Number of protein chains: 2
Amino acid sequence: MAESSKLVRSTTAVDVARILRDRILSGHYAEDQYIRQEMIAQELGVSRIPVREALAQLEAEGLVIREKYRGALIPKLSLSEIEEIYEMRGMIEPYLLRTAFSNITPEVIASLREVVDKSRVTDDMGEWAGLNMQFHYTLYGLAGRPLSLQILENLLVRADRYLKVQRFLSNETQKESDAEHQRILDLIEEGDEDGAIEALREHISWNAQDLRRTIGFNDAAPADKADKAKG
Amino acid sequence: MAESSKLVRSTTAVDVARILRDRILSGHYAEDQYIRQEMIAQELGVSRIPVREALAQLEAEGLVIREKYRGALIPKLSLSEIEEIYEMRGMIEPYLLRTAFSNITPEVIASLREVVDKSRVTDDMGEWAGLNMQFHYTLYGLAGRPLSLQILENLLVRADRYLKVQRFLSNETQKESDAEHQRILDLIEEGDEDGAIEALREHISWNAQDLRRTIGFNDAAPADKADKAKG
DNA sequence: ATAATGGATATTGGATCCAAATTTGTTCCG
DNA sequence: CGGAACAAATTTGGATCCAATATCCATTAT
C-alpha cells in the first residue's frame, strides 16, 4: 500500500482495461459483437498493444472471451452463472464477516453508520452503489484475507453486468437493502456474531432473488445464431 | 461449430505462460529475483511480446507480481496466504461435492475406484499428484459450476508452490491421503452425502495441517536472502 | 440455381524498433 | 574516504511493421 503514495501513473494498458471494463459493465457492447482492437486503439489514441493487454486482463476477469485470430467478444449473460456467483457470495461474504468480526471497533461501526445514513438519503444511483460497496469492503477488509477479497471483488464485477441490465435498481430495492445493512450493523454492534452473519446471508439471498425476479430471462433458451445480422 | 475438433495450436503467449508456470511451480526461480523478459524470450526463441502477455496472465493467477518498469518477480511464500487458501478450499470443495452429489453415477464411482487403486500402488510422485487431481476434478466437474471450479483450480495452483517446496510428499502422507479418498468414496457409494462431505472437510483440514507441519516456516520472519542454497 | 473452391480483404498474433523509466556506475566535491 | 549528482546502460512499455489466419466474395463446376 505504500506504493499508493508514490503517485505513479498506471500503464496505458491498465487505463484501457478500466475504460473497457466500465463500458462492458454499462452494457455498451452487444453480446454477439466482436470488439475490434484497431477500433478501440483509434478511439483512445493508442496502439493496439495496450488494447491487447487490456483484453487479456479482462479475459482473466471473465468479462470477455478471446478467440485466436477471431477477436474478443462479450460472453452471454447466463442465469446459471449468476446463480453460481450468488452461491459463492453466500459462502465467501459470511466467511469474511466472521473473520473480520473481532477486528470491528466502535470507530468502524461509527463510520459504517455514516455510510448507511448517507446511503439512505441519496438519490443518485451511482453514489448509492458506491456506498453499498464501501459498506461491504470496510467490513471485509478487516478480515485480513486479501485473496478471498480479491475473488469476491471479481465476483461482484461479474455480477455488475447483470445488475446493469436493468439500468438502475428500483427505489424499493434500495430501501430494502439499506434496511438490511442497518440490521446487520445493529447486530454487529450488539456483538451478535452469528446473528449478523445470518442477516448477511439473508441479505445476499434476498439480493439474488431480487435480481432473479427482475431479470428473469431463460438461461436454457438456445440463442439462435442464425439471426446474427452483422453490420 | 465443432471448434473443439479443429486442433488449433494455442498462441505462443499461452505456451510461454505454461512453461513459466511449470518453472515457477517447481521452484525454478528465486523469490527475490526479477524475471527478465529478454532472457525468457531468448531462451524460448520468441520475442518479448508473448513473454509479456504470459507474465500478465501469470500475474492474474497470482504467480508473479509485475512492477511498472521494474519487472516481474515471484511473490514470497507466506504462511497467511496458504492458510487462506486452505480456508477457501474448505468452503469451495465441500460446496462442489454437495452440488455434484446427485450426479454421481455408479460408473463414476467405478472410475474413481480405479483412480484410487492406481494411486495406491504408484511410486511416481508426479503420477500420484496427477491421480490426486483427477480424483477431485472428476467429482467436482459433475457439479456443473465452472466458475467455482476455475477459482478452485487457481487456489490449487497457488497451493502447488508451497507443496513443491518440499520436493516430494512423504510416503506416509500419500498413504494417508489415499486412505481418505477411499473413505470419501465409500461414503459416496453408500449415499451418505453429509458423511462424505464431512470426510472431505477433514481431508482438506488434514492436508493443511500436514503442509503446515512440514513447511512450518515463520510468516513474519524476514527471509534472509543469504541462505538461498539453490540447486 | 446451388454448392464448392479459390482468392481478396480484414483482423489478430508476433517481431522489430523507439521512448520512458529505473538501475548502475562513475566522477566530483566535501 | 564517503556521499551526492550526473551520465551510461539495462530494462520495460508502447508504436509500427510483418506474418498467420479467418472471413467474405466471386467464380466455376455440377
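Quick note on labels: first sequence line is chain A, next is B, and so on, each numbered from 1. The model shown is predicted, which means the values in this text are computed figures rather than measured ones. Side chains included, hydrogens not; waters and symmetry mates left out as well; all remaining heavy atoms used.
- A:L73 has its CG atom 12 Å from the P atom of D:dT23, to the nearest Å.
- Salt-bridge check for B:E81 with B:K76: failed, with every basic side-chain N at 4.0 Å or more from each acidic carboxylate O.
- For A:T12, the side-chain atoms get nearest to D:dG14 when compared with the rest of C:dA15, D:dA15, D:dG14.
- In terms of position along DNA chain C, the nucleotide closest to B:P50 lies nearer the 5' end than the nucleotide closest to the other residue of the pair B:P50 and B:Y34.
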Could you list the donor-acceptor pairs under 3.5 angstrom formed by side chains in residues 50-57 of chain B, with sequence neighbours left out?
residue	atom	partner	partner atom	Å
B:E53	OE2	A:R66	NH1	3.1
B:E53	OE2	A:R66	NH2	3.0
B:Q57	NE2	B:E61	OE2	2.9

Nucleotide-resolved protein contact map, nucleotides 6-12 of chain D, B/S/- at heavy-atom distance under 4.0 Å
-----SB
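- Nearest heavy atoms, A:L58 versus A:L20: CD1-CB, 3.5 Å.
- A perpendicular orientation is assigned to the rings of A:H203 and A:H181, their planes being inclined by more than 60° (bins at 30° and 60°).
- Going from atom CD1 of B:I49 over to atom C1' of C:dT12 covers 13 Å, rounded to whole Å.
- Heavy-atom contacts from other residues, nucleotides or ligands closer than 6.0 Å to CG of B:D123 number 12 or fewer.
- A:Q42 has its CD atom 13 Å from the P atom of D:dA15, to the nearest Å.
- At least one donor-acceptor pair under 3.5 Å links the side chain of A:S26 to the backbone N or O of A:R23.
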